[in-house]
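Below is one structure, written out as structure tokens, with a few remarks after it.
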Amino acid sequence: MQEHDMSWVRTEMALAQPAPPSERGAYAWVRKNLIGSVGDTILTVLGIAIVLWVLPQVINWAFINAQWTGPNRTVCATVSQGGIQPDGWSGACWAFVNAKFGQFMFGTYPVEERWRPILVAILLVVLLVPMLIPRVPRKGLNAILLFLVLPVVSFFLLSGGAFGLPVIETSRWGGLLVTLSLSFVGIAVSLPLGTVLALGRRSKMPIVKMLCVIFIETVRGIPLITVLFFASVMLPLFLPAGVTFDKFLRALIGVSLFAAAYMAEVVRGGLQAIPKGQYEGADSLGLGYWQKMGLIVLPQALKLVIPAIVNTFIGMFKDTSLVLIISIFDLLGVVKQNLSDANWATPQTAKSGLVFAAFVFWLFCFGMSRYSMYTERRLDTGYKR
């Protein structure tokens with residue numbers, strides 16, 4: 001029998017060694033992400049140059065030369081324009097934002113009743129934060145309170161007419177209150193309704209499939225402005241005499257249905273990405289249709305399309321500004337409305353108001369985007385090669 005020399009075979013586990021110095025630390029990150037190639041180096045240098053050119057101007061306009069307080073336009077106008085600033089001055093007029101902040105948040109909602117939308121905002125934060133933290137228990141109860149109880153409580157708090165609260169017509173709502181109300185209801189309605197529509201479009205029942213296809217393709221084939229215009233102007237013409245709906249309610253329905261049609265296609269893409277073996281495995285276990293979808297297919301499908309779902313939410317949040325076409329003033333609408341105030345008419349007022357509105361929109365959209373990335377990382381447990 002031939003003998004072999006086994007002296008070269010390791011008889012114990014090798015100890016873990018640290019990565020080479022060139023592969024760790026800040027230098028390694030810079031070399032990998034910023035100067036990994038000639039093209040990367042050129043783009044990095046160009047990007048730094050642009051930042052060094054733009055950033056000082058932005059800082060000067062938004063902070064150093066900005067006017068933070070003041071009673072009227074004179075604090076944000078130059079001497080030649082009837083103000084107190086030197087000629088050639090250019091800076092943000094945050095005094096305008098400070099003076100109009102209440103309207104930007106609540107529109108023409110009565111000042112003495114603004115504690116009601118503030119209370120609704122506090123309830124939203126109290127219920128939303130535990131919902132977004134995975135470790136917090138009782139998600140089912142949290143979801144019921146957030147998506148079912150809170151909307152009812154918010155309706156009575158904001159509208160009044162119950163518990164001794166005076167009635168506040170929705171025509172007086174405005175600003176961020178309208179933006180958040182439209183987007184929250186749209187998100188809460190569009191995801192489950194869009195999921196049902198996606199399942200209906202993949203259904204083997206011809207009538208159900210046809211109805212879902214007609215709805216999805218019809219709504220996706222027309223712009224949101226048309227949907228809002230139809231809901232606000234045309235819909236009352238088809239109702240019986242004396243029957244009407246609140247304009248804000250019609251806008252809520254229009255935005256929710258529009259978002260649901262797009263959400264249906266997003267969810268359908270996730271359903272089509274699930275391997276056929278998952279369906280067959282669920283069938284082999286004797287699961288019914290709704291058990292198969294609820295326990296096996298949909299959790300995987302929704303996880304795959306998280307970026308697309310959040311992208312739809314972000315788009316819907318920004319599209320709420322289109323309600324201005326039917327005389328509902330969201331945050332951007334209220335800002336533009338206040339730009340015509342003669343007491344604050346200066347060249348810097350419009351820039352400051354629009355920058356403030358853009359920052360608020362960016363803040364919410366960026367938050368949704370970052371939470372989406374966090375959720376993706378936390379659920380990234382499969383489909384790895």
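Heavy atoms only: backbone and side chains are in, while hydrogens, waters and symmetry mates are out.
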Rounded to the nearest 0.5 Å, the CH2 atom of Trp173 sits from the CG atom of Leu158 at a distance of 4.5 Å
| request: Taking Tyr109 for its side chain and Gly174 for its backbone only, find out whether a donor-acceptor pair lies under 3.5 Å. | output: no
Does atom CD1 of Ile325 have more than 12 heavy-atom neighbours, drawn from other residues, nucleotides or ligands, at distances under 6.0 Å?
no
Would the number of heavy atoms belonging to other residues, nucleotides or ligands and lying under 6.0 Å from NZ of Lys139 be above 12?
yes
Between the CG atom in Leu34 and the NZ atom in Lys32, the distance rounded to the nearest 0.5 Å is 12.0 Å
Show me, pair by pair, the donor-acceptor contacts under 3.5 angstrom made by side chains of residues 230-241, not counting sequence neighbours?
none

message = If you apply the rule side chain to side chain contact (heavy atoms under 4.5 Å, CB included), what do you find for Ser90 with Asn65, and how did you get there?
response = CA-CA 7 Å; Ser90 177; Asn65 296 331; over 6 Å; no
Distance col, row Leu339:CG vs Ser352:OG, nearest 0.5 angstrom, shows 9.5 Å
Rounded to the nearest 0.5 angstrom, the CG-CG distance for Leu302 and Leu379 is 10.5 Å
Quick check: do Thr170 and Lys247 have side-chain heavy atoms less than 4.5 Å from each other?
no
When rounded to the nearest 0.5 Å, the distance separating CZ of Arg268 from CZ of Arg202 is 8.0 Å
Nearest heavy-atom approach of Leu127 to Asn142 is O-ND2, 3.0 Å
In short, Pro110 meets Ile168 closest at the heavy-atom pair CG-CD1, 3.6 Å
Residue pairs passing the side chain to side chain donor-acceptor pair (under 3.5 Å) test with at least one member in residues 316-327, sequence neighbours excluded, are Ser321-Asp330
Minimal heavy-atom distance between Gln81 and Pro347, with the atoms involved, is NE2-CG, 3.5 Å
Assess whether side chain to side chain donor-acceptor pair (under 3.5 Å) is satisfied between Trp61 and Gln348, documenting all intermediate values. CA-CA 10 Å; Trp61 182 84; Gln348 303 300 326; 3.0 Å; yes
* Val178 vs Phe248 side-chain heavy atoms within contact, under 4.5 Å -> yes
| Any side-chain heavy atom of Ser154 sitting closer than 4.5 Å to one from Leu123? | no
Discussion item. Quick one, Ile309 and Met263 - any side-chain contact, counting heavy atoms below 4.5 Å?
Written reply: yes
Next on the checklist: I'd like to know whether Val355 forms a side chain to side chain contact (heavy atoms under 4.5 Å, CB included) with Trp94, so could you lay out the CA-CA distance, the side-chain angles of the two residues, the decisive distance to 0.1 Å, and finally the verdict.
Outcome noted: CA-CA 10 Å; Val355 166; Trp94 301 130; 4.0 Å; yes
Looking only at heavy atoms, the pair that brings Ala95 and Val75 closest together is CB-CG2, 4.2 Å
Looking only at heavy atoms, the pair that brings Ile326 and Ala251 closest together is CD1-CB, 3.9 Å
* Asked: Does Phe104 have its ring centroid less than 6.0 Å away from the ring centroid of Phe101?
  -> no
Correct closest heavy-atom pair for Leu304 and Ala273 would be CD1-CB, 3.8 Å
OG1 (Thr179) and CZ (Phe184) are apart, to the nearest 0.5 Å, by 15.0 Å
Quick one, Leu191 and Ile187 - any side-chain contact, counting heavy atoms below 4.5 Å? no
Are the side chains of Leu124 and Leu146 in touch, meaning some heavy atoms are under 4.5 Å apart?
yes
With a 4.5 Å cut-off on side-chain heavy atoms, are Asp341 and Thr349 touching? no
Which of Phe356, Phe366, Phe317 passes ring-ring contact (aromatic ring centres under 6.0 Å, His included) with Phe361? It is Phe317
- Query: Are any non-hydrogen side-chain atoms of Cys93 and Trp344 less than 4.5 angstrom apart?
  - Reply: yes
What orientation do Phe156 and Phe163 show, parallel under 30°, tilted 30 to 60°, or perpendicular over 60°? perpendicular
